[in-house]
Amino acid sequence: MDGQIRIIMAGGGTGGHLWPGLVLAQTLQQLEPNILIAFFVPGKPLDFQILEGTNFPIYVNAMRGLPARIAQ
């Protein structure tokens with residue numbers, strides 16, 4: 001490994017996880033400009049609206065949440 005820090009921020013679909021993740025990513029990048037941070041999101045329109053204009057790479061995975069109740 002080259003010693004460079006790499007971070008994947010996972011979340012999205014709603015702003016509840018994505019906004020704090022974006023603020024954290026921006027803060028980390030200010031502290032360590034050479035850090036590599038990417039976002040792993042479900043690809044909903046809000047994901048792209050929030051991350052639009054940032055320089056962070058976006059990777060889309062059509063993930064979904066767990067059901068509220070697991071059938072027995």
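We count residues from 1, following the sequence as given.
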Using a 3.5 Å cut-off and no angle test, enumerate the donor-acceptor pairs between side-chain atoms of residues 8-33 and protein atoms at least two apart in sequence or in another chain.
{"from": "Thr14", "atom 1": "OG1", "to": "Gly16", "atom 2": "N", "distance (Å)": "3.4"}
{"from": "Thr27", "atom 1": "OG1", "to": "Val23", "atom 2": "O", "distance (Å)": "2.9"}

Do [X] and [Y] make a side-chain contact, defined as non-hydrogen atoms from C-beta onward lying under 4.5 Å apart?
{"X": "Val41", "Y": "Ile50", "answer": "no"}
{"X": "Pro42", "Y": "Asn61", "answer": "no"}
{"X": "Ile5", "Y": "Leu36", "answer": "no"}

Quiz item: Under 3.5 Å, side chain of Gln4 to main-chain N/O of Asn34, donor-acceptor pair present?
Solution: yes
Quiz item: Which atoms form the tightest heavy-atom contact between Phe48 and Gly43, and what is the distance?
Solution: CE1-O, 3.4 Å
Quiz prompt | For Phe56, all residues meeting ring pair (Phe, Tyr, Trp, His ring centres under 6.0 Å), sequence neighbours excluded | solution = Phe39
